[in-house]
Number of protein chains: 2
Amino acid sequence: MGRRTFLSLLLALLTPGAAIPVPPAVRALNNLHLSTSFTSHPAIVMEYSIHYIQQKVDHFGFNTDKTFNQRYLIADKHWKKDGGSILFYTGNEGDIIWFCNNTGFMWDVAEELKAMLVFAEHRYYGKSLPFGSSSFKDSRHLNFLTSEQALADFAELITHLRKTIPGAKNQPVIALGGSYGGMLAAWFRMKYPHMVAGALAASAPIWQFDNIVPCGVFMEIVTTDYRKSGPNCAECIRRSWDAINRIAENGTGLPWLSETLHLCTPLKHTQDIQNLKDWISETWINLAVVDYPYESNFLQPLPAWPVKVVCQYLKDPSVSDPQLLQNIFQALNIYYNYTGQARCLNMSETSTSSLGSLGWSYQACTEMVMPFCTNGIDDMFEPHSWDLEEFSDYCFRQWGVRPRPSWITTLYGGKNISSHTNIIFSNGDLDPWSGGGVTKDITDTLVAITIPEGAHHLDLRANNAFDPTTVVLARSMEVRYMKQWIKDFYANLRKKY
Amino acid sequence: MGRRTFLSLLLALLTPGAAIPVPPAVRALNNLHLSTSFTSHPAIVMEYSIHYIQQKVDHFGFNTDKTFNQRYLIADKHWKKDGGSILFYTGNEGDIIWFCNNTGFMWDVAEELKAMLVFAEHRYYGKSLPFGSSSFKDSRHLNFLTSEQALADFAELITHLRKTIPGAKNQPVIALGGSYGGMLAAWFRMKYPHMVAGALAASAPIWQFDNIVPCGVFMEIVTTDYRKSGPNCAECIRRSWDAINRIAENGTGLPWLSETLHLCTPLKHTQDIQNLKDWISETWINLAVVDYPYESNFLQPLPAWPVKVVCQYLKDPSVSDPQLLQNIFQALNIYYNYTGQARCLNMSETSTSSLGSLGWSYQACTEMVMPFCTNGIDDMFEPHSWDLEEFSDYCFRQWGVRPRPSWITTLYGGKNISSHTNIIFSNGDLDPWSGGGVTKDITDTLVAITIPEGAHHLDLRANNAFDPTTVVLARSMEVRYMKQWIKDFYANLRKKY
């Protein structure tokens with residue numbers, strides 16, 4: 001088990017989608033793939049074909065002409081050449097098939113919008129590795145992992161699709177994405193408005209940079225979720241840190257904690273205690289991120305409203321330290337063992353061990369510098385300030401690069417984005433990432449949709465019988481905007497000819 | 001004398017500002033510099049300070065943290081912290097002091113707009129060399145010479161100025177540029193609208209790419225200029241090519257031509273004839289580009305309406321070959337020897353021998369791929385088709401890179417730019433570059449201004465008693481738009497607070 005630090009917690013945090021899960025098995029049938037949305041109700045059959053496009057490794061320099069294969073998926077069952085549209089998922093930090101399966105919204109609206117669905121994989125994730133297995137070798141190989149290169153891939157891909165698919169040339173493309181993918185969708189509309197008629201940026205924390213929002217807001221929202229999900233729930237968690245510290249000071253504390261929490265690998269050193277606390281913190285965060293109203297399997301198989309379920313074990317903050325820790329175990333067990341299959345809880349089995357999180361860790365150390373902090377007062381965590389210097393040194397040790405914390409603001413505009421048009425920013429109030437999101441209309445065509453009962457990009461998930469009314473409403477507003485963009489696109493097209 | 005080919009002519013052509021001249025001497029007075037606009041009438045005293053900002057060599061990758069010093073000039077005599085503005089010249093392919101001296105318009109309007117003037121040098125030109133004298137060594141050193149990197153430099157510079165100059169933070173910045181600098185101004189507003197309230201793109205051939213406009217349009221406009229500047233003028237030039245060919249076939253043709261044209265270096269080989277014709281063609285083109293209504297010194301010291309002056313020697317196409325060539329010499333002599341100082345005409349003294357043209361030659365071989373062609377019917381030149389493959393091979397031999405002819409369109413949108421706002425595209429009808437420019441309004445805020453009697457970005461030059469009414473009108477419209485942008489900026493600012 002690697003040494004955990006607050007930094008590693010932050011890095012795990014920094015992946016807006018939290019852990020990168022293993023993509024669900026896909027039944028290959030020549031080039032045609034079928035899979036079933038696990039979360040859809042009733043299940044949608046997702047039928048798509050898998051393709052590859054040759055992309056330049058470096059769109060912004062000419063010293064190398066090296067190329068790699070970017071993967072993308074196409075589903076055109078409901079596509080109409082006449083008056084149709086193209087919904088383009090701007091892939092984020094993970095396997096595109098997993099995103100495809102978890103973006104039921106696109107499948108649900110395809111028929112109504114006569115839409116072809118395209119899911120583009122982000123370079124350095126999934127099968128889209130610029131240097132194959134050497135892609136993460138060092139900073140030289142990682143040099144082309146930036147949001148700018150990813151957006152350029154998308155632009156080249158759309159150009160290619162328009163050229164090669166008969167009927168696609170004069171159709172409106174709409175960018176959609178969630179989390180980092182939502183940021184990419186918004187940024188894509190900002191930087192390449194000639195490519196897409198509009199963008200749906202779901203749960204996109206475009207302001208979680210450069211101290212545009214206070215660094216503590218994320219953890220405050222996590223805490224609020226727990227406060228609202230059960231009396232004393234947040235207080236129990238807040239007290240647990242000192243309880244762990246006190247138990248750890250005891251000679252038999254480490255083995256006792258290891259046994260009580262059913263850890264697969266026993267705690268051995270005092271520094272493991274910090275790892276333990278970070279791992280627990282990450283669990284609470286992940287639970288808040290995926291606090292969906294129905295049984296789901298986004299990061300882990302989980303019950304409906306998992307934070308409420310967890311909070312059933314965390315009602316009494318006045319119990320003894322050992323009792324509190326036993327309750328904490330019960331709560332953790334919901335996240336790690338809802339299926340009842342786990343024989344122990346594996347602290348190293350988090351997002352950070354997957355390929356996706358490797359890439360994201362690098363992105364967080366370069367462009368995606370998101371300051372996070374806690375103060376233990378407005379939130380239920382131990383206080384940690386944001387220390388850019390420490391973070392920078394970590395990044396240099398880890399990747400040989402140093403973060404440029406203001407670059408994203410310089411590049412994409414920070415709060416000054418009002419000259420752009422046709423972007424929907426949707427956010428769920430339960431989602432900690434909403435703290436860095438756009439939650440108020442900026443202009444008539446740069447609009448915010450908030451979903452009071454929504455966690456992380458709930459609106460992008462498939463229709464479900466247990467959907468709260470607010471997300472149903474949000475989706476219908478989103479469709480209305482998209483229809484307007486499509487209508488405007490065709491009106492402009494007619495004007496031209 | 002290097003071998004000239006049609007390609008080398010094209011490359012010379014490809015520099016929208018044509019030859020890169022030596023910057024005028026600047027009298028250094030500590031950090032304060034004074035120079036006088038040579039073309040202004042009455043002369044403006046241009047007083048500016050010279051500064052440097054540390055820029056990342058690579059804004060789009062993190063493998064290197066190497067920096068270089070970008071030069072920029074500031075003139076703030078008329079700047080007001082209260083209600084003022086910042087006019088930002090997006091430097092193009094040459095020494096920024098030379099551009100500063102040739103952009104009298106900014107100096108003329110500074111007081112009215114309470115404006116600080118900033119002139120930012122383009123990387124790899126003037127003193128802004130990322131790798132010093134090694135900057136042009138090979139494709140590895142040249143890898144960071146792109147329009148994207150240049151725009152990022154401008155964005156970082158504006159961020160820096162806003163942060164460090166008290167009063168600049170909440171002021172509107174307006175981008176201005178001519179030729180390639182005009183393209184950069186337009187593209188800067190498109191890609192970084194949060195940085196600039198609007199852009200004046202003077203003589204910016206943003207559509208001279210990717211066959212958006214026919215490849216022959218440039219040379220057709222050159223030809224039209226000569227047709228309109230004197231009876232039979234274009235016809236004399238058209239006939240001169242065959243006359244040269246016939247003379248060259250003669251045993252004593254080469255020395256005769258060398259003597260008749262007063263060449264500093266005599267023609268020696270048959271292949272020198274192509275060089276000669278390309279050099280003459282380039283001269284006609286340059287004359288059309290700088291066909292200003294008053295004596296000027298942009299590329300060379302020249303009389304008012306130099307094409308008319310030249311055409312006075314080219315009236316009779318029916319004369320003998322030797323007589324025609326003698327007339328051609330008289331015409332060339334206007335361009336190369338208006339001051340009467342030259343003892344011979346130097347074929348190698350063209351733009352291509354300067355540092356600036358080295359950089360532009362690389363840019364033309366990578367991003368700035370502008371197809372040009374002639375057919376000898378609609379234009380007065382020998383027919384040459386556009387051959388991308390030949391061009392690509394040339395680029396590979398010359399720089400070790402291959403052009404990406406569609407990239408600029410993918411990146412900046414080609415004809416699909418209607419979603420942008422606040423850009424003025426100004427063009428002169430005499431300017432061959434207007435063929436690739438925006439000469440019709442696209443929307444209410446993406447407007448075209450045409451100047452019937454204007455050559456290359458005449459509107460950016462200082463007021464002059466001999467200015468045609470149309471350029472005076474154009475400038476006043478430009479000022480009116482800029483004032484509107486400034487007004488809108490302050491109205492929005494007040495809304496925020």
Side-chain angles (χ1 to χ4, degrees), chain A residues 56 58-65 138-149 151-152 155-156 158-160 163 189-197 362-363 365-367 395-396 399-404 406-407 409-422 492 495-496, chain B residues 56 58-65 138-149 151-152 155-156 158-160 163 189-197 362-363 365-367 395-396 399-404 406-407 409-422 492 495-496:
Chain A
K56 303 265 184 219
D58 189 5
H59 293 289
F60 303 107
F62 291 74
N63 189 35
T64 171
D65 247 341
D138 51 35
S139 64
R140 200 165 59 80
H141 288 82
L142 279 157
N143 194 45
F144 310 99
L145 172 50
T146 64
S147 61
E148 297 95 308
Q149 299 276 9
L151 295 183
E156 291 286 13
I158 289 173
T159 304
H160 171 77
K163 263 189 200 159
R189 170 65 188 170
M190 294 179 193
K191 293 292 186 183
Y192 295 82
H194 51 288
M195 289 284 167
V196 284
Y362 173 84
Q363 289 194 262
C365 271
T366 48
E367 288 188 322
C395 291
F396 193 73
W399 297 110
V401 296
R402 292 203 178 269
R404 298 179 190 164
S406 297
W407 173 239
T409 313
T410 302
L411 182 61
Y412 297 117
K415 284 240 161 181
N416 299 316
I417 55 174
S418 61
S419 70
H420 300 289
T421 55
N422 294 5
N492 279 330
K495 248 190 273 175
K496 268 189 213 163
Chain B
K56 303 267 182 218
D58 188 5
H59 292 289
F60 303 108
F62 291 76
N63 189 35
T64 171
D65 246 342
D138 51 34
S139 65
R140 201 166 58 82
H141 288 84
L142 279 158
N143 194 46
F144 310 99
L145 172 50
T146 64
S147 61
E148 297 95 306
Q149 299 277 8
L151 296 184
E156 290 285 11
I158 288 173
T159 304
H160 171 78
K163 263 190 201 160
R189 169 65 189 170
M190 292 180 195
K191 293 291 188 185
Y192 295 82
H194 51 288
M195 289 283 168
V196 285
Y362 172 85
Q363 289 194 262
C365 272
T366 47
E367 288 188 322
C395 290
F396 192 74
W399 297 111
V401 296
R402 294 207 177 265
R404 299 179 189 163
S406 298
W407 174 237
T409 313
T410 302
L411 182 61
Y412 297 118
K415 283 240 162 182
N416 297 316
I417 55 174
S418 61
S419 70
H420 299 288
T421 56
N422 293 4
N492 279 329
K495 248 190 269 174
K496 268 190 214 161

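Sequence lines set the chain letters: A, B, ... in the order given, protein chains first and strands last, and positions in each chain run from 1. This one's a predicted model, so the numbers in the text were calculated from it and none came from an experiment.
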Which atom pairs, one a donor and one an acceptor, fall under 3.5 Å between side chains of residues 139-147 of chain A and the rest of the protein, sequence neighbours left out?
{"residue": "A:Ser139", "atom": "OG", "partner": "B:Asn63", "partner atom": "OD1", "Å": "2.6"}
{"residue": "A:His141", "atom": "ND1", "partner": "A:Asp138", "partner atom": "OD1", "Å": "2.7"}
{"residue": "A:Asn143", "atom": "OD1", "partner": "B:Phe62", "partner atom": "N", "Å": "3.0"}
{"residue": "A:Asn143", "atom": "OD1", "partner": "B:Asn63", "partner atom": "N", "Å": "2.9"}
{"residue": "A:Thr146", "atom": "OG1", "partner": "A:Gln149", "partner atom": "N", "Å": "3.1"}
{"residue": "A:Ser147", "atom": "OG", "partner": "A:Glu367", "partner atom": "OE1", "Å": "3.0"}
{"residue": "A:Ser147", "atom": "OG", "partner": "A:Tyr412", "partner atom": "OH", "Å": "2.8"}

Side chain, backbone, both or neither of A:Ser418 within contact of chain B (heavy atoms, under 4.5 Å):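 When you check distances to chain B, no heavy atom of A:Ser418 falls under 4.5 Å.
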
Sub-4.5 Å side-chain heavy-atom contact between A:Met195 and B:Asn416: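 In short, these two side chains do not touch, never coming nearer than 4.5 Å.
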
Check: A:Lys191 and A:Leu411 side chains under 4.5 Å, non-hydrogen atoms: yes

Interchain contact, B:Trp407 with chain A, by part (heavy-atom threshold 4.5 Å):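 Looking at B:Trp407, just its side chain touches chain A.
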
Stepwise side chain to side chain contact (heavy atoms under 4.5 Å, CB included) test for A:Arg189 and A:Thr421: CA-CA 8 Å; A:Arg189 170 65 188 170; A:Thr421 55; 2.8 Å; yes

Options B:Arg404, B:Lys56, B:His420, ranked by heavy-atom pairs under 4.5 Å with chain A, top entry: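 The option with the most such pairs is B:Arg404.
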
Top contributor to chain A interface from B:Gly413, B:Ser406, B:Ser419 [non-hydrogen pairs under 4.5 Å]: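 Maximum pair count with chain A is reached by B:Gly413.
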
A:His194: ring-ring contact (aromatic ring centres under 6.0 Å, His included) partners, not counting sequence neighbours: A:Tyr192

Options A:Asn422, A:Val401, A:Thr366, ranked by heavy-atom pairs under 4.5 Å with chain B, top entry: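 Greatest number of close heavy-atom pairs with chain B: A:Thr366.
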
